[in-house]
Amino acid sequence: MNLQESWRLYRLINKNKSLSLKRHPLFEQNKIMKVFGYIFIGFWAVYLMLFGVMFAQVFDGTNYESFDRIDGSMLVFLVIDFYMRFTMQETPAQDTKPYKLMPIPQRFLLNVFLLRIGLSTANLFWGFFFVPFGLLAVVKFYGWMGYIGFLFGWWLMFVLNSYWYLIWRTLIQRNLLFLLIPTAIYAALFYFGIFHDESNTWLFDYTVQLGRGFCTGNVLCYLLPIVLTVILFFINRKMQYRSVYREIAQVEHVTHVRSLEMSWLNRFGTIGEYMKLEIKSTMRNKIVRNQFIMGVCYMLLFCALFAFTDVYDSQPFMRTFICVYCFACLGTMTLTSVMCVEGNYIDLLMSRHESVLSLLKAKYYFNCLMLIFPMLFALLPIFNGKVLWVEALACAFFTMGCVFPFLFQLAVYNKYTLHMNQKVTRSNTRSSKTQIIFSFVALFVPMFIMYALIALLDTATASWILLGLGLTGFLLNPLWLRNIYHRFMARRYDNMEGFRSSRE
């Protein structure tokens with residue numbers, strides 16, 4: 001295949017990739033979702049630019065120059081970038097499957113999709129931080145050529161990070177336990193390279209020299225990430241080549257699944273049976289299980305940071321943010337798609353109308369029981385004296401009695417089927433504008449309410465008020481659940497049509 005033919009196929013594949021999004025049955029909703037996505041990206045872009053300006057001034061006048069501090073923290077940026085990619089970057093194995101019957105070499109397809117990952121605009125996102133930072137911190141020492149070299153070097157590091165992430169993402173799809181390996185590697189690098197011995201911070205010193213090499217135009221400093229990127233590129237191509245054939249030629253293995261009886265739920269009748277369904281769905285279905293694991297990890301991470309570090313001790317809003325987020329994040333992740341999983345069998349569910357009400361009750365009670373996890377994690381900051389016990393209890397009941405009823409309103413409007421074994425990132429692309437608005441409101445409005453009450457009154461009084469509001473909403477759950485049920489039944493034909501069309 002000559003160069004001209006390769007370039008023509010590359011452009012054709014890029015065109016097909018953009019057209020595939022427009023052919024999606026939920027394209028109109030995805031267009032609105034993109035608008036909200038751009039607003040969200042714009043918010044973080046402004047936030048990063050402010051951080052870039054601030055860090056250029058904060059570290060000025062210390063033992064190290066500002067850019068040395070940032071270069072020495074290179075691992076921190078790469079770790080954050082690595083875990084952020086789980087929400088936006090997928091493996092190219094799925095993209096190559098539609099071309100299997102075409103006379104296009106498999107390796108060429110993989111080269112195209114891997115090249116698209118390296119040239120993705122996502123690798124430029126951190127530029128919102130480094131562009132203003134470099135203008136203030138690098139130009140005055142190394143001039144404009146040093147500034148360009150500084151930006152180019154950091155871009156190479158994020159491209160390298162994208163291929164490093166792709167290796168582990170491919171392995172994690174086979175077994176979630178592979179996530180522990182890069183986490184352990186990063187923890188070891190932080191401990192032995194920076195924090196183990198104050199007189200031997202070899203990792204910090206090395207990245208400082210690497211950053212200075214970017215600014216001075218040292219060819220060896222540029223060759224290092226380029227060579228590593230090329231090596232990871234070919235490793236990824238080999239892994240993706242095997243992944244494509246594994247997915248196409250996979251054989252369905254029927255294994256004996258030991259079913260949990262959970263006989264203790266039998267006393268609750270139909271509601272108990274739907275509670276069993278919720279528990280088994282969380283344990284067995286990929287999309288539901290991954291949402292649960294991600295939510296638990298976020299809760300544990302924030303609680304541990306708050307309890308064992310002093311990062312947020314001087315920030316009252318962040319303190320409120322962590323208290324509310326830890327209790328609301330799991331419910332927000334799962335309840336924004338309430339009834340979407342049931343779209344897989346909505347026709348059977350509608351054969352008995354009252355079963356929908358029992359299902360809604362079971363979902364509500366199940367999510368209330370799941371608040372046990374953030375309550376246990378909240379014991380860490382409670383025992384360290386950073387959170388009052390009544391404050392944690394107030395967040396739990398406010399989530400139970402106010403946030404959950406608000407999110408359950410989506411049961412009336414959700415009308416697309418969530419395939420239970422698809423990827424989390426792929427399911428997020430189908431979110432509607434209503435889901436995005438509800439999730440933002442469910443997370444941020446309680447934070448501002450609690451923060452305002454604490455500012456006007458005090459922490460204990462504000463907590464008791466939130467506790468009373470949440471307890472009232474919990475006791476009134478038979479009324480608002482029945483209201484949701486009646487509104488759902490009024491829209492049942494429209495919703496069922498959406499569930500059926502999105503199943504195809």
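Since this is a predicted model, take the numbers as computed values, not measurements.
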Would you give the length of the straight line joining atom [atom1] of [X] to atom [atom2] of [Y], rounded to the nearest 0.5 angstrom?
{"X": "Lys415", "Y": "Phe499", "atom1": "NZ", "atom2": "CZ", "result": "10.0 Å"}
{"X": "Asn384", "Y": "Cys303", "atom1": "CG", "atom2": "SG", "result": "11.0 Å"}
{"X": "Glu391", "Y": "Leu466", "atom1": "CD", "atom2": "CG", "result": "9.0 Å"}
{"X": "Leu476", "Y": "Leu481", "atom1": "CG", "atom2": "CG", "result": "10.5 Å"}
{"X": "Leu467", "Y": "Ser463", "atom1": "CG", "atom2": "OG", "result": "8.5 Å"}
{"X": "Thr334", "Y": "Asn367", "atom1": "OG1", "atom2": "CG", "result": "4.5 Å"}

Within the structure provided, determine whether [X] and [Y] are in side-chain contact (heavy-atom separation under 4.5 Å).
{"X": "Leu335", "Y": "Phe438", "result": "no"}
{"X": "Pro446", "Y": "Val403", "result": "yes"}
{"X": "Leu369", "Y": "Phe366", "result": "no"}
{"X": "Pro374", "Y": "Leu330", "result": "no"}
{"X": "Met375", "Y": "Leu393", "result": "yes"}
{"X": "Trp164", "Y": "Asn161", "result": "yes"}
{"X": "Gln240", "Y": "Leu166", "result": "yes"}
{"X": "Phe373", "Y": "Phe292", "result": "yes"}

Counting only heavy atoms from other residues, nucleotides and ligands, does the tally under 6.0 Å from [atom1] of [X] exceed 12?
{"X": "Phe77", "atom1": "CZ", "answer": "yes"}
{"X": "Tyr186", "atom1": "OH", "answer": "yes"}
{"X": "Trp480", "atom1": "CH2", "answer": "yes"}

### Message
Working note: Ser358 + Tyr485, criterion side chain to side chain donor-acceptor pair (under 3.5 Å); need CA distance, chi angles, decisive distance, verdict.
### Response
CA-CA 10 Å; Ser358 299; Tyr485 163 71; over 6 Å; no
### Task
For the pair Arg500 and Glu497, find out whether any cationic side-chain nitrogen is under 4.0 Å from an anionic carboxylate oxygen.
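So Arg500 does not pair with Glu497 through a salt bridge.
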Please report the closest heavy-atom contact between [X] and [Y], naming both atoms and the distance.
{"X": "Phe488", "Y": "Met339", "answer": "CZ-CE, 3.9 Å"}
{"X": "Thr399", "Y": "Ala328", "answer": "CG2-CA, 4.1 Å"}
{"X": "Val387", "Y": "Ala392", "answer": "CG1-N, 4.2 Å"}
{"X": "Ala442", "Y": "Phe406", "answer": "N-CE2, 4.1 Å"}
{"X": "Ala362", "Y": "Ile271", "answer": "CB-O, 3.7 Å"}
{"X": "Phe327", "Y": "Leu371", "answer": "O-CD2, 3.4 Å"}

### Message
Taking side chain to side chain contact (heavy atoms under 4.5 Å, CB included) as the criterion, tell me which of Asn495, Val341, Val338 meets it with Asn414.
### Response
Val338
### Task
Scan Tyr163, Phe158, Tyr165 and name whichever one has a ring-ring contact (aromatic ring centres under 6.0 Å, His included) with Phe82.
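Among the candidates, only Tyr165 passes.
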### Message
One pair to check against side-chain contact (heavy atoms from CB on, under 4.5 Å): Arg85 and Asn123. What are the steps and the verdict?
### Response
CA-CA 10 Å; Arg85 291 179 184 273; Asn123 296 324; 2.7 Å; yes
### Task
With ring pair (Phe, Tyr, Trp, His ring centres under 6.0 Å) as the test, would you mind laying out the steps for Phe404 and Phe408 before giving the verdict?
CA-CA 6 Å; Phe404 285 174; Phe408 261 86; 7.2 Å; no
#### Entry: side-chain contact (heavy atoms from CB on, under 4.5 Å) between Trp168 and Thr183, worked out
CA-CA 11 Å; Trp168 296 107; Thr183 303; over 6 Å; no
For the backbone of [Y] and the side chain of [X], can you confirm whether one donor and one acceptor N or O come within less than 3.5 Å of each other?
{"X": "Arg116", "Y": "Phe113", "value": "no"}
{"X": "Thr459", "Y": "Ile454", "value": "no"}
{"X": "Glu278", "Y": "Tyr274", "value": "no"}
{"X": "Ser120", "Y": "Ile117", "value": "no"}

### Task
Measure up the Tyr325 and Phe321 rings against each other and bin them: parallel (under 30°), tilted (30 to 60°), perpendicular (over 60°).
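Tyr325 and Phe321: parallel rings.
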### Task
Could you tell me how the ring of Phe444 sits relative to the ring of Phe440: parallel (under 30°), tilted (30 to 60°) or perpendicular (over 60°)?
parallel
### Task
Carefully, step by step, assess Ile465 and Leu457 under the rule side-chain contact (heavy atoms from CB on, under 4.5 Å).
CA-CA 10 Å; Ile465 294 174; Leu457 304 171; 3.6 Å; yes
### Task
For the pair Glu342 and Lys363, evaluate side-chain contact (heavy atoms from CB on, under 4.5 Å) and give the outcome as yes or no after the intermediate values.
CA-CA 11 Å; Glu342 286 71 24; Lys363 280 184 172 292; 3.1 Å; yes
